[in-house]
Amino acid sequence: MRFTSLVIELIRARPRLIVWIAVLLQALMWLFVALVFYRSPPGTLATLLAFGREYQVGTDLGPPLPVWLADIAYRLAGGHMFGVYVLAQLCEIATFIALYHLSRAVVGSQQAVLAVLLTMTVLAFSSSALDFGPLVLARPLWALLLLHSWQIIGQRRGNAWFAWSIEAGLLLLTTPAAIFLLALLVIFALATAGGRRTLRALDPLFALIVVAVLALPYAVWLMRAETLVLPALPQLAELNARALHAAWLLGGLVLGAAAIPALTFLNTRLFVAKGEDAPIIYRPPVQPLARNFVYFFALAPALGAVLISAVLGLDSVVGGAGVVLVMSGLAVVVMAGDLIAMRRARMLRTVWAAAVVAPAAGVVLAVLFLPWTGANEIATSMPARAISDFFDESFARRTNHRLRAVAGETQLASLITLHSGRPHLFIDADPARTPWMNPAKFAETGGVVVWRASDTAGTPPPEILKRFPGIVPEVPRAFEWLVTGRQQLLRIGWAIVRPKGA
């Protein structure tokens, strides 16, 4: 009898089930990593939550939607970071499910599974899975926009315009790169006969009204904040450096998608014995318009984002690698042809699983073993709950008042704002970033000023002494890391600014 692996048969018979299993297992893996190995939020997530509790229409972090959603998820989880981690994974799940439906409309349900599995390897390496923010929230919105754009242009489904308009408006409230991404959709529509035919109807006008209504409050804030300025173009002497920077950014995107060419190479005939009959994954022929749609949105966002980032001198790709590479897996599947032979399926499964698990395994190994090398500290190993509890209780005991504001080093102050009392964050080094708090108001309400202690006396850094000349430093408080290893204890210097009238 001819033997075919169970996974191949499930791809043929139950493609949607395979997608859900793979996506949910990946989400559970990252939630397990967060719950077991994260004692504090990754990246700038604590600062994002500190901004989120203020519910500002706009801040220097960008559009407000990611900030608001993060705070809502944090509150719904009872003041636990688990809610924000779940929100990040829901964004991942929504991204892959939207991509599956788009791929199914282009290459059929069986090869759509392959497109999703390939894209999972790309996003695993190119973007953070738990650091919720604009780059994470933009992924499902962009995937849904591409899905409904294809339904409108390729399938002539006018009822998709309403969903498209909502997603476009939300994307504008999520990331500044939304204008660039929406411009690409307009360019493709104008460049194709099907797209131009779609734009002649009244539906695009109604969609534009919905988008304008959703984005209007943030647009008004941008105009009042006077942030709508044209970026400075590079000088002639800077062009070589910017070109090298563009090559570096492009190389980073290629490296993030390295698992796709690796899997493609392993699936060639070089690794197959003579006479072996590989199982085939079939699809109906792809329409020329669909092929152009996939290729355009696989290449144009990545190349355009690299160019814009190089011209503006940005350190990372505009929109995030997870957004601009979301169509890369589908593009490879479309390029592969109507019949895709799955050679050496067991080896392909092993390499794919390794590519998906490797980032999470790298996080675990870094947390457990990096402290023993005496290298840089692991930010997620800070005991956030113990830090916030200590300073909240210390302020209450000394002043008989609730802790209402925290200043000093932004990273440490942001962790303290995660306490159940949710004190305000005050970035004293740049008060304009936190318009809800200023030096006069901080002196009136009182609060805690924190910094990294460099000695046993807890002497404040000169810049903090300059901004808070009257503070009296307390004895530094030492906290243990999740894994201390050869690192010294985390020593935090602090001082109390008593409320007026206390």
Requested in this report: Decide yes or no on side-chain contact (heavy atoms from CB on, under 4.5 Å) for Ile492 and Phe390, but give the supporting numbers first.
Outcome: CA-CA 11 Å; Ile492 301 178; Phe390 172 78; over 6 Å; no
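- Ion pair Asp428/Arg467 flagged as a salt bridge, since at least one NZ, NE, NH1 or NH2 atom sits closer than 4.0 Å to an Asp/Glu carboxylate oxygen.
- Put simply, the side chain of Leu173 does not reach to within 4.5 Å of the side chain of Trp68, judged on heavy atoms.
- At distances below 3.5 Å, at least one donor-acceptor pair connects side-chain atoms of Trp494 with backbone N or O atoms of Val475.
- With hydrogens and angles disregarded, a donor-acceptor distance shorter than 3.5 Å links the side chain of Thr350 to the backbone of Arg346.
- How far CG of Leu141 is from CG of Leu172: 10.0 Å, rounded to the nearest 0.5 Å.
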Requested in this report: Tell me, with the steps shown, if Ile387 and Leu490 meet side-chain contact (heavy atoms from CB on, under 4.5 Å).
Outcome: CA-CA 10 Å; Ile387 293 173; Leu490 174 63; 3.9 Å; yes
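- Here the side chain of Tyr74 pairs a donor or acceptor atom with the backbone of Leu418 at under 3.5 angstrom.
- One distance of note links CD of Glu377 with CG of Leu370; it measures 10.5 Å at 0.5 Å rounding.
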Report task. List the steps and the verdict of side-chain contact (heavy atoms from CB on, under 4.5 Å) for Leu45 and Tyr85. Result -> CA-CA 10 Å; Leu45 185 52; Tyr85 297 146; 4.2 Å; yes
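- For the pair Phe426 and Pro439, the minimum side-chain heavy-atom distance is below 4.5 Å.
- Residues Pro41 and Leu415 approach most closely at CD-CD2, 3.7 Å, considering heavy atoms.
- Taking the six-membered ring for Trp and the full ring otherwise, Phe442 and Phe468 have centroids separated by under 6.0 Å.
- Cation-pi contact between Arg477 and Phe479: present, with separation from the ring centre below 6.0 Å and deviation from the ring axis of at most 45°.
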Query raised in the report: Are His419 and Arg385 close enough, and set up right, to give a side chain to side chain donor-acceptor pair (under 3.5 Å), and what steps lead you there?
Result: CA-CA 7 Å; His419 192 269; Arg385 183 64 63 180; 5.8 Å; no
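- Between Asp71 and Arg422, the shortest heavy-atom distance links the atoms OD1-NH2, 3.0 Å.
- At a threshold of 4.5 Å between non-hydrogen side-chain atoms, the residues Gln56 and Phe51 do not count as touching.
- Between Ile416 and Val450 the shortest heavy-atom distance is CD1-CG1, 3.7 Å.
- One distance of note links OG1 of Thr95 with CE of Met120; it measures 11.0 Å at 0.5 Å rounding.
- The shortest heavy-atom contact between Ile281 and Gln111 is O-NE2, 3.2 Å.
- With a 6.0 Å radius and a threshold of 12 heavy atoms from other residues, nucleotides or ligands, Leu17 has its CG atom above the threshold.
- Under the rule for a ring-ring contact (aromatic ring centres under 6.0 Å, His included), the partners of Phe293 that lie at least two apart in sequence or sit in another chain are Trp150, Phe188, Phe297.
- A donor-acceptor contact shorter than 3.5 Å links the side chain of Ser128 to the backbone of Asp131.
- In this structure, the side chain of Ser309 does not engage the main chain of Val306 through any donor-acceptor pair within 3.5 Å.
- The backbone N or O of Leu117 sits less than 3.5 Å from a side-chain atom of Trp352, completing a donor-acceptor pair.
- When side chains are defined from C-beta on, Phe391 does not count as touching Ile496, because their heavy atoms never get closer than 4.5 Å.
- Across all their heavy atoms, Pro371 and Ala366 have their closest contact at CD-O, 3.5 Å.
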Query raised in the report: Taking it one step at a time, do Met327 and Leu102 satisfy side-chain contact (heavy atoms from CB on, under 4.5 Å)?
Result: CA-CA 10 Å; Met327 291 286 280; Leu102 172 60; 3.6 Å; yes
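- Between Pro301 and Leu184 there is a side-chain heavy-atom pair separated by less than 4.5 Å.
- Gln151 and Ala160 make their closest contact through OE1-CB, 3.6 Å (heavy atoms, listed as atom of the first residue, atom of the second, distance).
- For the residue pair Gln110 / Arg104, no side-chain donor-acceptor distance below 3.5 Å is found, with atom types taken as modelled.
- With hydrogens and angles disregarded, a donor-acceptor distance shorter than 3.5 Å links the side chain of His401 to the backbone of Thr399.
- Contact check on Arg398 versus Glu393 returns no salt bridge, with no Lys/Arg side-chain nitrogen under 4.0 Å from an Asp/Glu carboxylate oxygen.
- Using a 4.5 Å cut-off on side-chain heavy atoms (C-beta onward), Leu368 and Leu482 make no contact.
- In this structure a side-chain-to-backbone donor-acceptor pair under 3.5 Å is present from Arg486 to Trp372.
- You'll find the side chain of Leu170 reaches within 4.5 Å of the side chain of Ile166, heavy atoms only.
- Proximity of a side-chain donor or acceptor of Ser103 to a complementary backbone N or O of Val113 within less than 3.5 Å is not detected.
- Within the 4.5 Å cutoff, side-chain heavy atoms of Arg452 are placed close to those of Gln411.
- Using a distance-only test at 3.5 Å, with no hydrogens or angles considered, no donor-acceptor pair links the side chain of Glu480 to the main chain of Met382.
- The environment of Phe32 atom CZ is sparse: at most 12 non-hydrogen atoms of other residues, nucleotides or ligands sit within 6.0 angstrom.
- Taken to the nearest 0.5 Å, the CG atom of Leu65 stands 4.0 Å off from the OG1 atom of Thr174.
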